[in-house]
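See below for the structure under consideration.
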Amino acid sequence: MFETAAEFVFKQSRNGGPCLREGWGPLETDHTWSIAPESRLHIPLAPGQGDLLLQILLTPYTWRPLFDGQRLGVEVNGIALGEERIEAEAGLGYRLDAARFGNPDALDIRFHHPDAICPQKERISTDERHLGIALHEILVIRVPPERPTVARSLPPLPLLPEDLGPRSTELVQRLTGLAIPDLALRFESLGHNCEFGVVQRKLGVEPMGLLRFAGIAPHNLLRGLDFGFPQADDPDMLRVFIDSEERREYMIRNLAWGFQSHTDRYVGNTTADEVKQEQVRKHQLYLRKFLETLESGEKIFVFQHPDRLSEALVLPLLATLRSYGPNALLFVRRDSTRPPGTVEKLRPDLYMGSIDKLAPAWDVGNAKFTAWISLLANAYRFWREEGFGA
Amino acid sequence: MTAERIEDRIAAIVRETLGAPDAPVTEATTARDIPGWDSVKMVEIILRTEEEFGITLRSREVDSLRSVGDLVRIVAGRLAT
């Protein structure tokens, strides 16, 4: 769907080497390290016109618990794009509008690494370099022009805490034209943990979602979506294991894409082989359904993560979703500066939801349900307003 | 194929999948009515129904399933087209 303007992979035997300018170490097996407070890349682009989406796949240098992330400033062709704090492997995305960047034949990318760490100085290893990020890949695609968006915000619905009764029903119906269960069905979870799946259950629906009750790291999610999760239902890629000696629940891990889910099957009631057979069938249906949902544009995708999410950190995810069809994304982040349930429309297809607390994986039953109702209702209103799901 | 015949065949799939040969299954039956009818069993019922009738349910149709009657109506609609 989108035209690739540049794709460079920064590891041995791949094509990234000639793009490296100052501030980088040699290409290694899976990446190259930035080794100075600043680093620079020169990315030649295939000829073309229009807006670009720059995507950067990287991993910060960390040494927990002392150094749990890195700030990263990004500048392209002399224009500062912003600074992010990265705590784990991530994709960063920046839209480069033709109106601002023209039609360049190359991108000169400068990274600023104010938190770069010298492992030798910190007595972590003998490495004397100042390590900031391990760069994996740069992808630049040409994207269709976007309608100008005036950033708008919708406040939380005036609901009392845990008010899931007639008042919330009436309010949601009035604002969205939908009953609460029907509203919950208009969203598809992209995993991270079970929180949104549990929210849907609390709101009265049990949609079959590939990632609804799945724990998946953001970089695995991005890669899986990029490739369409092949082998997600391959018996050889599904591994059954026991959660813990205490719970004794069989869990299923997808080795191809690194996500795992509960099975609600317990040791003593069934065998691992039977669980695997059931799960293969389940994954067959769920994968087929998930891909169909991606192509149909009938739902809003939901992504939440406890790390500090920003537009730059979710744009690669949105671009991948858009490569399937007319999709939109609600990303939910923990934010104490906005009332829980607030949703901001950043782009026609990108909505940022704020909540004061995301439930940890072991306590998703204590999700903030009324805040989630506001998030869903507000995102749905933006989505309809932009003509999606018609 | 008549709706009654479709209902009979789907009821048989439900009973067989759930290992409940004597369970009363009608159009109004939902997962709450028969012990053991969980999401895994629901997947099996859907896939067996698809195999039995040679159809593929769409994502939206799967989401809309609440009762045996919903499944019967979807299958009947598909077979009629």
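The structure displayed is predicted, hence computed values, not measured ones.
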- chain B contact via A:Phe290 - side chain, backbone, both or neither, heavy atoms under 4.5 Å: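 For A:Phe290, there is no contact with chain B at all, as no heavy atom is under 4.5 Å.
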
- Atom group of A:Glu206 that falls short of 4.5 Å from chain B, counting heavy atoms: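 No part of A:Glu206 comes within 4.5 Å of chain B.
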
- Task: Return yes if some donor-acceptor pair links the side-chain N/O of A:Tyr324 with the main-chain N/O of A:Leu225 below 3.5 Å, else return no.
- Result: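 Here the side-chain-to-backbone pair exists.
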
- Task: May I ask you to decide if A:Ala232's main-chain N or O and A:Asn254's side chain share a donor-acceptor pair within less than 3.5 Å?
- Result: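 Yes: the side chain of A:Asn254 pairs with the backbone of A:Ala232.
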
- Query: Mind checking whether A:His283 and A:Phe259 have parallel, tilted or perpendicular rings, split at 30° and 60°?
  - Reply: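 Correct class here is parallel.
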
- Message: Under 4.5 Å from any heavy atom of chain A, what part of B:Arg66 do you find: side chain, backbone, both or neither?
- Response: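 B:Arg66 touches chain A through side-chain heavy atoms alone.
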
- Task: Against chain A, label B:Leu65 side chain, backbone, both or neither, depending on which of its atoms sit under 4.5 Å from a heavy atom there.
- Result: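 Neither part; nothing is under 4.5 Å.
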
- Interface residue of largest heavy-atom contact number with chain B, from A:Glu278, A:Arg288, A:Lys282, A:Gln284, under 4.5 Å: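 That would be A:Arg288.
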
- Give a yes/no verdict on a cation-pi contact between A:Lys202 and A:Phe369, requiring under 6.0 Å between NZ or CZ and the six-membered ring centre and an angle within 45° of the axis.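 Because its charged atom sits under 6.0 Å from the ring centre and within 45° of the axis, A:Lys202 does stack over A:Phe369.
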
- Verify the ring-centre separation between A:Trp383 and A:Tyr380: is it less than 6.0 angstrom?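 Yes.
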
